[in-house]
Every structure is written in C-alpha cells, then in structure tokens.
Amino acid sequence: QVQLVESGGGLVQPGGSLRLSCAASGSIFSINAMGWYRQAPGKQRELVALITSGGNTNYADSVKGRFGISRDNAKNTVYLQMNSLKPEDTAVYYCNAVQKRGGSWYPMYGYWGQGTQVTVFS
C-alpha cells in the first residue's frame, strides 16, 4: 500500500525558508528515486526536485541554488529545504516516487498524498 504524507508547509515572507518533509511507505522508498512536485492554482503539477536512491539530485531551473532535496533512508523520509523563497514558489507541494522514461522523469504512482501548502507573501 502506497502512503505519502507531506508536512512542513506554511506562510512565509519573501526571502524566508521552509523545510518540507515527506514520509513514504518503506515499500516504495527504499528502492526508488523520490521527487518533490508542486502545483500552483491554475497550473499543472511540476517536478521541482528529485533524489535517486544513490543520492544524486536534480532540480528545476526555477529552484536551482535555492532548494535542496535530501533523504533519510532509515526514516523513509525525503526533505525539501527551501531558501530564498519567492511569491512564485506559492503552491501545494507533493512528493512521489519517480522513474525515468525516455530521458524524462515521471511520477511512479497515480496516488498522491494531501500535499502541504506553501504560501509566500509580502
């Protein structure tokens, strides 16, 4: 059974920081790359960061240099450290296992957790 539970969102001013957490069921966490997605109102869900089971990371250009993804395999948890936040980072953030097909990364499961809301406001 797939379980994904995101937490850590909140309200923050531009330039602030937040740390998101995603607790995943062990069956999907230990062998898969994990990714953080976000979806802003009226926009499609986008992948912003991923980390492979071996610890390699990849970031969307919009967050490169500001966000950091990490994972704690012992806790089946993946984190997203978000620094220098901007209003355009406002979105609901989700995690999922990801897999690479044809050179691009896709969510492995159609199931999504409840997400965690991040709001950056002046």
Side-chain angles (χ1 to χ4, degrees):
Q1 183 178 358
V2 176
Q3 288 187 319
L4 299 163
V5 180
E6 301 92 348
S7 62
L11 300 173
V12 64
Q13 292 186 326
S17 299
L18 285 172
R19 189 193 194 206
L20 307 183
S21 298
C22 168
S25 54
S27 60
I28 68 171
F29 187 89
S30 61
I31 61 172
N32 289 302
M34 296 294 297
W36 279 99
Y37 289 78
R38 68 184 181 189
Q39 186 168 22
K43 295 188 177 181
Q44 287 190 332
R45 192 170 294 172
E46 63 170 340
L47 178 63
V48 296
L50 67 89
I51 184 166
T52 67
S53 56
N56 293 319
T57 60
N58 201 354
Y59 299 93
D61 288 343
S62 59
V63 306
K64 201 171 292 184
R66 301 187 297 121
F67 289 12
I69 188 170
S70 60
R71 62 193 292 162
D72 185 333
N73 292 333
K75 296 181 179 179
N76 293 340
T77 301
V78 60
Y79 303 98
L80 187 67
Q81 178 67 44
M82 305 187 297
N83 300 323
S84 302
L85 283 161
K86 304 176 181 180
E88 51 263 43
D89 295 318
T90 295
V92 181
Y93 285 72
Y94 304 87
C95 67
N96 206 327
V98 293
Q99 58 184 353
K100 196 170 186 179
R101 297 195 307 268
S104 297
W105 291 89
Y106 298 90
M108 183 173 291
Y109 300 101
Y111 165 84
W112 295 90
Q114 83 287 350
T116 186
Q117 176 72 48
V118 172
T119 304
V120 186
F121 70 104
S122 298

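Worth knowing before you read on, the calculation uses all heavy atoms, side chains too, and leaves out hydrogens, waters and symmetry mates.
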Handout entry: Any side-chain heavy-atom pair of M82 and R66 under 4.5 Å
Key = no
Handout entry: Cluster link Y59 to W36, ILVMFWY, side chain under 4.5 Å
Key = yes
Practice task
Report yes or no: do T119 and Q117 form a side-chain donor-acceptor pair below 3.5 Å?
Solution key: yes
Problem - Min side-chain heavy-atom separation N56-I51 under 4.5 Å - result: no
Exercise for the section: May I ask you to check if R45 and Y94 form a cation-pi contact, with NZ or CZ under 6.0 angstrom from the six-membered ring centre and within 45° of the axis? Expected result: yes
Exercise for the section: Taking the six-membered ring for Trp and the single ring otherwise, decide whether the centroids of Y37 and W112 are under 6.0 Å apart. Expected result: yes
Practice task
Show your working on side-chain contact (heavy atoms from CB on, under 4.5 Å) between S17 and Q81 and close with a plain yes or no.
Solution key: CA-CA 7 Å; S17 299; Q81 178 67 44; 4.0 Å; yes
Handout entry: Cation-aromatic face contact R38/Y93, 6.0 Å, 45 degrees
Key = no
Practice task
Using a 4.5 Å cut-off on heavy atoms from C-beta on, say whether the side chain of Q13 contacts that of S122.
Solution key: no
Handout entry: Pair T77-D72, side-chain donor/acceptor within less than 3.5 Å
Key = no
Problem - Non-hydrogen side-chain atoms of K86 and V120 separated by less than 4.5 Å - result: no
Exercise for the section: Taking the side chain as every heavy atom from C-beta outward, state whether S70 and V78 have any pair of such atoms under 4.5 Å apart. Expected result: no
Handout entry: Flag side-chain contact, heavy atom, 4.5 Å: V118 against L18
Key = yes
Handout entry: Donor-acceptor contact below 3.5 Å, side chain E6 vs main chain C95
Key = yes
Exercise for the section: Check whether any side-chain heavy atom of Y111 lies under 4.5 Å from a side-chain heavy atom of L4, and answer yes or no. Expected result: yes
Exercise for the section: With the side chain counted from C-beta on, respond yes when F121 and L11 share a heavy-atom pair under 4.5 Å apart, and no when they do not. Expected result: yes
